[in-house]
Amino acid sequence: MSNILFHEVGMRFPGRTILNRVHLPVSAGELVTAVGPSGCGKSTLLNLLFGALSPSFGSVAIDGEEVSGVSTKAGIVYQDYRLNLMPHATVLDNVALGYEGLHSNLSERLLLLPSYWRVRREARERARALLADVGLPTDAEKKFPHELSGGMQQRVAIALALITEPKVLVMDEPCSGLDETTRRGIQDLVLEKWDGGKMTIFFVSHDLREAVFLGSRVIGLSQHWTYDDGASGNGALVVVDIETPGGRQMHDQRYKLDAAFLDSVELIRRTAIEPNGQKPLKLSERVTTHSDAVSVEPRAKEVSHE
Amino acid sequence: MQTSASSTQRPWWKRIRNPFLRTDCVPTRTIAAILAIIPFLVLCGTYIHKAKQRHAASIVENDGIDKEKIMPYPKQILAGVKTIALKEDMRLKQPILKVDTIASGKRLLWAYAYGVGIAVLLGLHMGAFPYCGAMFGPVIRVLGFVPPILISPVLVIAFGIDELPKIMAVIIGFFFSVTLATYNAASEVPMKLIQGKQSLGLSQFEILYRVILPGIAPKVVTAIRESLQMGVACLMAAEFLAASAGIGYRVYLLKRNMLMDQIIPYVLWVALLCFIIDRLLGVWISWRYPWFNKK
């Protein structure tokens, strides 16, 4: 059974279709990176998985259970730390809050019952361990988020997302806006946590090279496509779905001249990012090299052409 | 050749030639203090000059007798300070300044104690729950445009001359602005932050009181700080209309006898107290919320 299943998912906003019948099964332990041009629906896909949005049609499921509303099965890391961390709480309190939320109920917390204090103690111990695990110095735990650098903030955000031991880690361009060294550190941390398939990670990136290097599977979304009969459709589709060697450190010199890597980058660039130069991609040209990938080709008659 | 920063730094009198939006033209603390004092000195100088003119004119008009009461000399004002600080209230046998300050202070304190909690809770729920915002937002905005000082007579008519109308007048003075400030602050909390906390299993109640409220607290305190001016104005207006003690009441009594030498100290006393409260709230914000306005 797939760990994540986007089943014929479509997303429409007033006057605009973002996603069009995306069917995407993701197996447990995959590190899926999603790339595509700006506005193609990468973040929408992520928000659907996280439960922040509900699909206009189709469904999204994690572990066979349909996602409706914000899911506690998924941990989220955003690009901006202000969306991950509470500015008024220290780093330790930020991370510990996640554990408290899932391991004690509201009445325990409101009435400050002994069981709550036990959970609180556990939460703080666990948060400390996790913060050390993501490479944060011990003196950082008492600091406020604004006192940390961008890279440190992202490490705290990852620790916060991991403290509840989610089934899926969802990351929305967590390396954007970081300098090269810090970005490398965060990428290494993501790979360390993934550890060859210990958890499922859905990673959205605008950086093609990063996506191909990190992902064990790369999906490219594009709104530039037509049906074989010449009619064009609305809403992005997964037009590239390829397996990559994946999970490699981006800056590992051994892969610098890896032909497979360069091919992958070129393939995605050609099909998703810059489809056929000026000409939109025809669905029959859609690239699917992933062995488990289910065909995502929509049946032209069932899709309304707007 | 490399030049040091200090050698390239021009003296301040050269820098202020073109001071518009210049980052290298920010006054030092000493210069800022001197600049701040200048308007006060100008005000005092103008007052004294005008007072002298009026007193001179009064002497000419009244055959050598100085009957000028509207603009007393500073020494007369100092005598007025002594009077209000030492003259005892007939009922309480305590200096009238103390009696009035305590009476007004109590009203202000009670009004904020009652009103702020309700305003913050209402604003918080309006911001967090869009249906609540849609229901109360328009009415709060419309009522916020009603000049609160105009409502004071209505309150006196409705609630009599007891403490309630005066407290209500203050509440009306600050309630709408604090509610709207809280509403706006709560609405601005990023939805993604809230969804992130939902994914951690936190309930709506906890998100409201552990995530949103502490996050917007400095903005709420700032709104309270800014509302103080209107709150005090409404209190004075209500005390003018119906009270048996309080700074507004006293100024009203003194006005009837044209005792400007005592009214001016009262006015300055109110300004000083408000300034102190404002500074204390400012210090509280920087001490309690060091993360506020930090990127």
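In what follows, chains are A, B, ... by sequence order, proteins preceding strands, each numbered from 1.
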B/Cys234 and B/Ile172, any side-chain heavy atoms less than 4.5 Å apart:
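When only atoms from C-beta onward are counted, B/Cys234 and B/Ile172 do not touch, as no gap falls below 4.5 Å.
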
Taking side chain as C-beta onward, heavy atoms only, is A/Leu214 less than 4.5 Å from A/Phe203?
yes

Taking side chain as everything from C-beta outward and backbone as N, CA, C, O, which of these in B/Phe205 sits under 4.5 Å from a heavy atom of chain A? Side chain, backbone, both or neither.
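When you check distances to chain A, only side chain atoms of B/Phe205 fall under 4.5 Å.
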
Region of B/Pro290 in contact with chain A, defined by heavy-atom distances below 4.5 Å
both

Contacting moiety of [X], where chain B heavy atoms sit under 4.5 Å:
X        : value
A/Glu147 : neither
A/Asp93  : neither
A/Ala74  : backbone
A/Leu160 : both
A/Tyr99  : neither

Is it the case that more than 12 heavy atoms not belonging to B/Met230 sit under 6.0 Å from its CE atom?
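At most 12 heavy atoms, drawn from other residues, nucleotides or ligands, come within 6.0 Å of this atom.
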
Around B/Lys106, counting heavy atoms of other residues, nucleotides and ligands shown, do more than 12 lie under 6.0 Å from its NZ?
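For B/Lys106, atom NZ is not crowded (no more than 12 foreign heavy atoms under 6.0 Å).
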
Leading residue by heavy atom contact count with chain B [cutoff under 4.5 Å; candidates A/Ile76, A/Leu97, A/Ile163]:
A/Leu97

So, the side chain of A/Thr90 versus the backbone of A/Phe144: is there a donor-acceptor pair under 3.5 Å, distance only?
no

Checking A/Thr33 side chain against A/Ala211 main chain: does a donor-acceptor pair fall under 3.5 Å?
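At least one qualifying donor-acceptor pair exists.
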
Of all of B/Leu202, B/Leu200, B/Ile194, which one pairs up most often with chain A through heavy atoms under 4.5 Å apart?
B/Leu200

Which heavy atom of A/Ala161 sits nearest a heavy atom of A/Thr164, and at what distance?
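Minimum heavy-atom separation between A/Ala161 and A/Thr164: O-OG1, 3.7 Å.
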
